[in-house]
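Let me begin by presenting the structure, written as structure tokens, before commenting on it.
Fair warning: this is a prediction, and the values are worked out from it, not measured in the lab. Just the heavy atoms: all of them, side chains too, but no hydrogens, waters or symmetry mates, feed the values below.
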Protein chains: 2
Amino acid sequence: MSTETEPRWRRLEPDQRREQILDCAIRLFGERPYAEVSTTDIAREAGVARGLINHYFGSKRGLYLEVVRRMVTVPVADRSAVPDGSLAERVEFSVDWLLDVISARGKTWVAVLGTEGVGNDPEVERILAEADEMAAENLVRTVGMRDVEPAGAELRAIVRAFGGMVKAAGREWITHGTLTREQVQLVLTEQLTALLGETFPHLQRL
Amino acid sequence: MSTETEPRWRRLEPDQRREQILDCAIRLFGERPYAEVSTTDIAREAGVARGLINHYFGSKRGLYLEVVRRMVTVPVADRSAVPDGSLAERVEFSVDWLLDVISARGKTWVAVLGTEGVGNDPEVERILAEADEMAAENLVRTVGMRDVEPAGAELRAIVRAFGGMVKAAGREWITHGTLTREQVQLVLTEQLTALLGETFPHLQRL
DNA sequence: CTTGCTATTGACAGAGTGACAACAACTTGT
DNA sequence: ACAAGTTGTTGTCACTCTGTCAATAGCAAG
């Protein structure tokens, strides 16, 4: 008789299992709203016992926060290819790179950041705020305006505000198809150029 | 002995009861995220039996959608006071009016629209999209550019994108306090002026 | 006071979540 | 090769929350 000791389940490294569950959670949370996704669904999707989710993430909410954190984290720009030209040129490059990032994440990004729900959630708020801050900081550096130290706070603030338009424009492009990439590129480039080149100096005199 | 026939509960008109429950729901959903608010909480807040919520709104989700719809609906601008001056003047007026609206709703507005959660929710998406569309349409008319019919779709699209910056800037102002109203006013005015006066014509040639 | 309408309640069944002790896959030492 | 230890994983239990529905009670009309 065969001594096939086929194990009923495989024992993975904690990090691997964590990633696997996280992947499934990202997929499901991207498809329907929070309350419509049960931990049972996620567990089934991952081929795992439901309790394991609590073991790794504490609670459903904990898992959700991890998903949010993972999704909103924007990769850091590779500044080695940034041109040394005028402000307009560097802005154009930065915007192009931003659109590449959005394009790469595509539907997932939109599915995730597209919906603004109702409900004050301090923790989610915090994660989002940090991501926006990093993105803004990153953009400012890429454009090469890091030297304007004294008014750095205000600069980053208006860049974060600009980030709101980036998201909205991205949605128009990706989900609604009401604007082409070229159009979004043009709009964001001109707007950011005006913002940094014209409006920002005006702001400092206020 | 007192024949006080003190009624245990009052019988209200359906519309009144609906409003009352909706008010409480708005308050609670504004304080904590969806999953943290139970229908029991809402019922207790309204001094009402839990089942009544289902009677009026069908489900917890139904009530939530009503709350969202109520909160994101922006009042229509009173165009009787719009100046007839240059584009810049009309834009300035419109932005000022927008900031008045934001200021009036203040914390509630921010608490409600501030958090962008994760989770694709078609119904919420639809409500938000409609609200954005109305706001954009309203803004376009107030600024007096309703005559550019042929490219109306693109115009509204970029104005909606601009709406993203309005929200983000409003958050910087109201919640984070990183920008003053005057600064927000300046930024949005210049950006919108450039968007409508410069970028939009460029866009049409694309 | 009685009757009828219906807004409102209270209880019940089903589903989902978190905690925890027992189990089994894998590793290490002999 | 085997035994013992480690710990990733499971399955169950108690609790909370939601939606349904028949029964109740406030209120107006006759």
Please write out each protein N/O paired with an N/O of nucleotides 17-20 of chain D under 3.5 Å, distance rounded to 0.1 Å.
| unit_1 | atom_1 | unit_2 | atom_2 | d |
| --- | --- | --- | --- | --- |
| D:dT18 | OP1 | B:T39 | N | 3.3 |
| D:dT18 | OP1 | B:K60 | NZ | 3.1 |
| D:dT18 | OP2 | B:T39 | N | 3.0 |
| D:dT18 | OP2 | B:T39 | OG1 | 2.6 |
| D:dG19 | OP2 | B:N54 | ND2 | 3.2 |
| D:dG19 | OP2 | B:K60 | N | 3.1 |
| D:dG19 | N7 | B:R50 | NH1 | 3.1 |
| D:dG19 | N7 | B:R50 | NH2 | 3.4 |
| D:dG19 | O6 | B:R50 | NH2 | 2.2 |

Could you tell me how far apart B:R8 (CZ) and D:dC27 (P) are, to the nearest whole angstrom?
13 Å
Classify the nucleic acid contact of B:Y56 as base, sugar-phosphate or nothing, counting any heavy atom under 4.0 Å across all strands shown.
sugar-phosphate
Could you run down nucleotides 1-6 of chain D 5' to 3' and tag each one B, S or - for protein heavy-atom contact under 4.0 Å?
-----B
Which residues satisfy the salt bridge (charged side-chain N to carboxylate O under 4.0 Å, His left out) test with A:R17, sequence neighbours excluded?
none
Considering residues at least two apart in sequence or located in another chain, which fulfil the salt bridge (charged side-chain N to carboxylate O under 4.0 Å, His left out) criterion with B:R181?
B:D96, B:D100
Run the side-chain contact (heavy atoms from CB on, under 4.5 Å) test on B:H176 and A:R160 for me, step by step, so that the C-alpha distance in whole Å, both residues' side-chain angles and the decisive distance to 0.1 Å come before the verdict.
CA-CA 12 Å; B:H176 300 93; A:R160 283 196 299 271; 5.6 Å; no
Listed partners of B:E36 passing side-chain hydrogen bond (donor to acceptor under 3.5 Å, both in side chains), at least two apart
none
Over how many whole Å does the gap from B:E36 atom CD to D:dT16 atom C1' extend?
13 Å
Once side chain to side chain contact (heavy atoms under 4.5 Å, CB included) is applied, do any residues pair with B:Q16, and if so which ones, sequence neighbours excluded?
B:L12, B:E13
Roughly how many Å is it from CZ in A:R17 to C1' in D:dG8, rounded to a whole number?
8 Å
Report all side-chain donor-acceptor pairs from residues 192-200 of chain A shorter than 3.5 Å, counting only partners two or more places apart or in another chain.
| unit_1 | atom_1 | unit_2 | atom_2 | d |
| --- | --- | --- | --- | --- |
| A:T193 | OG1 | A:T189 | O | 2.6 |
| A:T199 | OG1 | B:E190 | OE1 | 2.8 |

Which residues pass the side-chain hydrogen bond (donor to acceptor under 3.5 Å, both in side chains) test with B:E19, sequence neighbours left out?
B:R70
Interatomic distance where CD1 belongs to A:I42 and P belongs to C:dG16 [whole Å]:
12 Å
Could I get the full list of ring-ring contact (aromatic ring centres under 6.0 Å, His included) partners for B:Y34, not counting sequence neighbours?
B:F29, B:Y64
What is the distance, rounded to the nearest whole Å, between atom CZ of A:R10 and atom P of C:dT27?
12 Å
Rounded to whole Å, how long is the line connecting atom CD1 of A:I53 with atom P of D:dT9?
12 Å
Looking only at heavy atoms, what is the nearest atom pair of A:Q20 and A:A46, with distance?
NE2-O, 2.9 Å
How many whole angstroms separate atom CG of B:L52 from atom P of C:dT6?
16 Å
For B:L12 and C:dT6, give me the distance from atom CG to atom P, rounded to whole Å.
16 Å
